[in-house]
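Keep in mind that this is a model prediction, so the values were computed, not measured. Computed from heavy atoms alone, side chains included, the values below leave out hydrogens, waters and symmetry copies. All chains are named by letter (A, B, ...) in the order of the sequence lines, taking the proteins before the strands, and each is independently numbered beginning at 1.
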Amino acid sequence: MKLLDTLSKAEQEVDVSKKVKIYLCGVTVYDESHIGHARTIIVFDVLRKYLEDNGIEIEFIQNFTDVDDKIINKANSENKTAEEISTKYIENYFTDFDGLNVKRVTNYPKATEHIEDIIEFIEKLIVKDVAYATKNGVYFSVSKFSEYGKLSKKKIDELQSGSRIEIDEQKKDPLDFAVWKLSDMEPTWESPWGNGRPGWHIECSAMSIKYLGENFDIHGGGRDLIFPHHENEIAQSESCTGVQFAKIWMHVGMVTIDGEKMSKSIGNVKSIKHVLENWGPNIIRLFCLSGHYSKPIDYSEELLMRELVKWNQIRLAYYELMQIRDFEPENGPESDKQRQSEEEKETIEIKEVNEIIIKEGENFDSALEQNMNTHLALQAFYNIVSFCLANENKMTEEAAAHILPEMKRMMKVLGLVLPEIDSEKIIEINQLIKLRNEYRSKAKENKNYYKDADNIRDKLNGLNIETSDRVTKTVWMYKENIKQKN
RNA sequence: GGUACUCUGGCAGAACGGUUAUGCGUGAGCCUGCAAAGCUUAUACAAGGGGGUUCGACUCCCUCGGGUACCUCCA
């Protein structure tokens with residue numbers, strides 16, 4: 001599998017000959033997660049699911065930044081402790097992402113639980129003379145790392161002309177960044193340099209190396225983390241260890257809202273809670289995977305509606321295949337000759353089904369292999385769905401037995417989930433559908449029976465079941481609560 | 001201002017130095033008791049502008065322009 005590496009600006013092969021080690025920069029837990037977080041994390045979720053589906057072992061670490069000025073500010077304004085704030089939003093995180101069918105990663109380390117590792121890391125930096133202590137804290141000396149700027153393609157002298165850098169007389173160079181901030185205000189920890197808390201970037205260096213080693217496979221996050229966060233991580237880590245940090249830097253594009261940047265000041269932040277309530281997890285996942293991960297994607301009601309249409313097609317095809325064996329065989333008495341020709345026909349049809357399955361299965365895999373092109377992978381999946389819907393007559397039990405495993409595999413990789421079919425309820429549902437269809441055929445002579453048929457449909461609705469009358473059969477589906485709002 | 005990314009048909013969005021991407025939408029038709037859906041078919045000579053390289057460019061190079069992101073809050 002190849003992935004676009006930000007550092008080399010080229011596609012790099014992921015080494016799958018051994019366990020693949022992935023580190024994803026997670027969220028700062030001071031507020032609700034939004035659709036932008038969802039996209040990044042869903043992309044990585046599909047990456048891991050694809051690798052795992054291919055029998056590749058992974059170790060996947062995603063941190064929580066639970067010490068940060070924003071958390072402290074929020075705690076102060078709400079008269080709570082920083083820990084109360086971070087705990088609340090970590091819980092909130094899991095509610096959101098479990099709801100999006102994101103599989104939990106190997107470990108979710110927190111900065112506050114790794115203070116000792118961080119202090120040890122800083123000590124090494126000081127010993128190597130790339131960091132220095134002042135009366136405000138400990139700073140990494142950017143000038144000591146000659147490759148500084150290699151990830152974000154920035155030049156040090158150009159950065160220095162930037163005016164947004166806080167002036168701090170204690171720093172040797174305005175570009176130097178804090179690895180330890182001295183402060184007696186809670187939350188605070190003892191350190192060789194005095195009480196204080198870690199800087200933003202150091203936790204990721206310390207924790208990724210602790211869990212994944214000095215050199216691991218994939219390090220990622222949103223594009224906005226390239227500078228300064230990941231640039232600084234590289235500087236610290238490579239200065240400390242002397243070896244290459246991550247092999248591949250994978251960055252996911254931003255989500256804009258109706259063409260505008262999502263920001264609190266504009267007031268257009270879409271929380272995951274909000275979008276989940278209105279669209280459910282599957283449509284959001286389809287949306288997040290509809291474009292290439294490295295490019296920006298624009299969130300709008302129109303685009304979500306398109307995914308809803310696709311999702312309904314997927315559901316219909318899936319439920320139909322799942323229910324094939326429940327449909328009444330309509331063959332009456334047949335001569336042997338007829339039966340034989342039927343069988344021949346079936347063999348040809350199965351051959352056709354298998355060809356489609358193999359072809360689209362290969363397309364699906366090669367799309368993901370090539371820099372995780374989820375757009376093309378989805379297309380392969382949709383082609384199977386369309387084939388099923390367009391060839392209702394060919395969807396025999398045998399055909400379903402060939403198609404369903406592949407369909408389920410793709411859905412598993414993409415993280416699309418339909419409710420399990422309740423085998424007890426199914427008998428009742430099938431009886432109702434059978435009865436309704438009897439009324440419907442009777443109604444061809446006496447229209448009064450339509451009322452009875454409709455009553456049954458209402459009853460099914462009450463059981464949270466919707467029906468779709470196809471040419472030869474009625475397919476039922478669990479209803480989904482989609483409000484179709486932005 | 002700097003850096004990076006990006007600019008493909010009404011919209012979304014891929015691939016590829018030479019062949020119709022595809023999907024959504026739209027039109028027509030089919031199916032249909034009604035619903036909802038589904039099916040078939042038609043439909044776009046598309047590549048930001050201008051140069052260049054090439055037998056041939058959407059694809060490579062230059063230039064001009066638009067957009068987005070980042071430039072110590074950020075997924």
Side-chain angles (χ1 to χ4, degrees), chain A residues 6 9 24-28 30-31 33-44 62 65 68-70 73 149 151-155 157-166 168 174-178 199-201 220-229 231-232 251-256 259-264 287 290-292 294-298 300 302-303 305-310 312-313 315-317 320 367 370 373-380 382-383 386 388-392 439-441 443-444 447 449-451 453-454 457-458 461 466-471 475 477:
Chain A
T6 310
K9 290 166 81 174
L24 174 63
C25 285
V27 297
T28 302
Y30 74 103
D31 207 343
S33 301
H34 54 66
I35 184 74
H37 300 118
R39 184 190 190 196
T40 301
I41 285 158
I42 286 169
V43 164
F44 274 83
Q62 181 186 327
T65 299
D68 171 270
D69 291 355
K70 280 193 174 173
N73 291 342
L151 183 74
S152 55
K153 321 295 174 199
K154 290 183 189 301
K155 295 193 175 71
D157 43 347
E158 280 165 0
L159 279 171
Q160 280 170 335
S161 63
S163 57
R164 282 175 63 174
I165 300 164
E166 232 176 286
D168 181 343
L175 288 180
D176 292 350
F177 54 90
W200 175 31
H201 320 293
R223 287 204 82 83
D224 52 348
L225 294 184
I226 294 173
F227 190 90
H229 187 54
E231 191 72 58
N232 290 355
H251 290 105
V252 180
M254 298 291 102
V255 179
T256 56
E260 272 187 305
K261 184 189 158 126
M262 196 170 18
S263 87
K264 291 212 167 144
F287 168 74
S290 66
H292 194 268
S294 64
K295 289 189 180 178
I297 196 170
D298 190 45
S300 70
E302 189 193 349
L303 296 181
M305 280 302 290
R306 290 184 195 187
E307 303 307 336
L308 172 63
V309 169
K310 299 312 286 180
N312 282 333
Q313 290 175 338
R315 288 169 68 220
L316 183 58
E320 180 171 343
Q370 206 176 309
N373 192 329
T374 50
H375 176 83
L376 286 179
L378 277 170
Q379 216 163 279
Y382 292 148
N383 285 344
S386 301
C388 295
L389 294 179
N391 296 280
E392 191 191 337
Y439 284 136
R440 285 171 73 210
S441 48
K444 297 211 165 110
K447 301 218 171 196
Y449 282 106
Y450 282 130
K451 241 181 230 165
D454 288 345
R457 188 163 58 198
D458 290 344
N461 265 288
E466 60 181 302
T467 57
S468 175
D469 294 330
R470 306 272 283 139
V471 176
V475 176
M477 299 177 273

**OP:** Remember a base hit wins even if backbone is also touched, and classify A:H34 as base, sugar-phosphate or nothing at under 4.0 Å, heavy atoms.
**Re:** base
Subject >> Base of B:G33 paired with side chain of A:D454 (donor-acceptor, under 3.5 Å) >> reply: yes
Original post:
Contact class for A:G36 (heavy atom, under 4.0 Å): base, sugar-phosphate, or nothing?
Top reply: base
Original post:
Roughly how far, to the nearest 0.5 Å, is CG of A:N73 from OH of A:Y30?
Top reply: 10.5 Å
For nucleotides 67-70 of chain B, which of its nitrogen or oxygen atoms have a protein nitrogen or oxygen under 3.5 Å away, and what is each distance?
from, atom 1, to, atom 2, distance (Å)
B:C70, OP1, A:K261, NZ, 2.7
B:C70, OP2, A:K261, NZ, 3.4

Original post:
What pairs with A:D31 under side-chain hydrogen bond (donor to acceptor under 3.5 Å, both in side chains), at least two apart in sequence or on another chain?
Top reply: A:K264
Subject >> Residue A:K153, side-chain atoms from C-beta onward, closest of B:A75, B:U3, B:C74 >> reply: B:U3
**OP:** Would you please name every residue forming a side-chain hydrogen bond (donor to acceptor under 3.5 Å, both in side chains) with A:Q313, sequence neighbours left out?
**Re:** A:K310
Subject >> Closest to the A:R440 side chain, choosing from B:G33, B:A75, B:A14 >> reply: B:G33
**OP:** Report which part of the nucleic acid A:V255 touches: base, sugar-phosphate, or nothing (heavy-atom distance under 4.0 Å, all strands).
**Re:** base
Original post:
If you measure from the P atom in B:U3 to the same atom in B:C64, how many Å do you get, rounded?
Top reply: 12 Å
Subject >> N/O (side chain, A:K451) to phosphate O (OP1/OP2, B:C34) under 4.0 Å >> reply: no
Original post:
Under the 3.5 Å rule, do the base of B:A36 and the side chain of A:N312 count as making a donor-acceptor pair?
Top reply: no
**OP:** Would you indicate what A:K9 reaches in the nucleic acid, counting non-hydrogen atoms under 4.0 angstrom: base, sugar-phosphate, or nothing?
**Re:** sugar-phosphate
Subject >> Integer angstrom distance from the P of B:G2 to that of B:C60 >> reply: 24 Å
**OP:** Run the numbers on A:D454 and A:R457 for salt bridge (charged side-chain N to carboxylate O under 4.0 Å, His left out), then give the verdict.
**Re:** CA-CA 5 Å; A:D454 288 345; A:R457 188 163 58 198; 3.5 Å; yes
Original post:
Rounded to the nearest 0.5 Å, how far apart are OG of A:S152 and CG of A:L225?
Top reply: 12.5 Å
Subject >> A:Q62 side chain to A:L24 backbone, donor-acceptor under 3.5 Å >> reply: no
Subject >> Whole angstrom value for the distance that separates C1' of B:C30 from CD of A:E392 >> reply: 14 Å
Original post:
For the pair made of CD in A:E466 and C1' in B:A36, what is the distance, rounded to whole Å?
Top reply: 8 Å
Original post:
Taking C-beta and beyond as the side chain, do A:H34 and A:M262 meet within less than 4.5 Å on heavy atoms?
Top reply: yes
Original post:
Expressed as a whole number of Å, how far does the P atom of B:C71 sit from that of B:A36?
Top reply: 50 Å
**OP:** Would you classify A:Q313 as touching base, sugar-phosphate or nothing, given that sugar-phosphate means primed atoms plus P, OP1 and OP2, and contacts are heavy atoms under 4.0 Å?
**Re:** sugar-phosphate
**OP:** Have a look at A:R39 and say if it touches a base, only the backbone sugar-phosphate, or nothing, with a 4.0 Å heavy-atom cut-off.
**Re:** nothing
Subject >> From B:C74, B:A37, B:A14, nucleotide with atom closest to A:H375 side chain >> reply: B:A14
**OP:** Pick base, sugar-phosphate or nothing for A:K70, based on heavy-atom distances below 4.0 Å to the nucleic acid.
**Re:** base
**OP:** Identify, between A:A178 and A:I297, the residue whose nearest nucleotide on RNA chain B lies closer to the 5' end.
**Re:** A:I297
**OP:** Could you pick out which residue, A:T467 or A:F177, lies toward the 5' side of RNA chain B when each is mapped onto its nearest nucleotide?
**Re:** A:T467
**OP:** Show your working on salt bridge (charged side-chain N to carboxylate O under 4.0 Å, His left out) between A:R470 and A:E320 and close with a plain yes or no.
**Re:** CA-CA 9 Å; A:R470 306 272 283 139; A:E320 180 171 343; 2.8 Å; yes
Subject >> Whole-angstrom distance between B:A42 and B:U20, as gauged at atom C1' >> reply: 14 Å
Original post:
Looking for any heavy atom pair under 4.0 Å, which part of the strands does A:R306 touch: base, sugar-phosphate only, or nothing?
Top reply: base
Subject >> Atom-to-atom span, CG of A:D458 to P of B:A36 - whole angstrom >> reply: 14 Å
Subject >> Value in whole Å for how far the P atom of B:C7 lies from NE2 of A:H292 >> reply: 13 Å
Original post:
Is any side-chain N or O of A:D469 under 3.5 Å from a base N or O of B:C34, one able to act as donor and the other as acceptor?
Top reply: yes
Original post:
Separation of A:I41 atom CD1 from B:A75 atom P, in whole Å?
Top reply: 9 Å
**OP:** May I ask you to say what A:G26 touches in the nucleic acid, namely base, sugar-phosphate or nothing, with a heavy-atom cut-off under 4.0 Å?
**Re:** sugar-phosphate
Original post:
Looking across every strand, which nucleic acid part, if any, lies under 4.0 Å from A:A443 by heavy atom: base, sugar-phosphate, or nothing?
Top reply: nothing
Original post:
If you measure from the P atom in B:A37 to the same atom in B:G25, how many Å do you get, rounded?
Top reply: 10 Å
Subject >> Backbone of A:G221 reached by a side-chain donor or acceptor of A:H251 within 3.5 Å >> reply: no
Original post:
Excluding sequence neighbours, so at least two apart, what forms ring pair (Phe, Tyr, Trp, His ring centres under 6.0 Å) with A:H201?
Top reply: A:F177, A:H229
Subject >> Distance-only donor-acceptor test, A:T40 side-chain atoms vs B:A75 base atoms, 3.5 Å >> reply: yes
Subject >> Spacing of the C1' atoms in B:G13 and B:U22 (rounded, Å) >> reply: 8 Å
Subject >> Gap separating the CD1 atom of A:I42 from the CD1 atom of A:I35, nearest 0.5 angstrom >> reply: 6.5 Å
Original post:
Once you round to the nearest 0.5 Å, how far does NZ of A:K444 lie from OH of A:Y449?
Top reply: 14.5 Å
Original post:
Mind checking what makes side-chain hydrogen bond (donor to acceptor under 3.5 Å, both in side chains) contact with A:R315, not counting sequence neighbours?
Top reply: A:N312, A:E466
Original post:
Closest to the A:L376 side chain: B:A15, B:A75, B:C34?
Top reply: B:A15
Original post:
Rounding to the closest angstrom, what is the interatomic distance between B:A4 and B:U26 at atom P?
Top reply: 42 Å
Subject >> Nearest-angstrom distance from the residue atom NE2 of A:H37 to C1' of B:C73 >> reply: 11 Å
Subject >> Separation of atom OH in A:Y382 from atom C1' in B:G13, rounded to whole Å >> reply: 12 Å
Subject >> Strand RNA chain B as a dot-bracket string - pairs counted if Watson-Crick or G-U with both distances under 3.5 Å, | where the partner lies in another strand >> reply: (((((((..(((.....[...)))((((((.......))))))....(((((..]....))))))))))))....
Subject >> Pairwise P distance, B:G27 and B:C7 [rounded to whole Å] >> reply: 31 Å
**OP:** Quickly work out the A:K310 NZ to B:A12 P distance and round it to whole Å.
**Re:** 17 Å
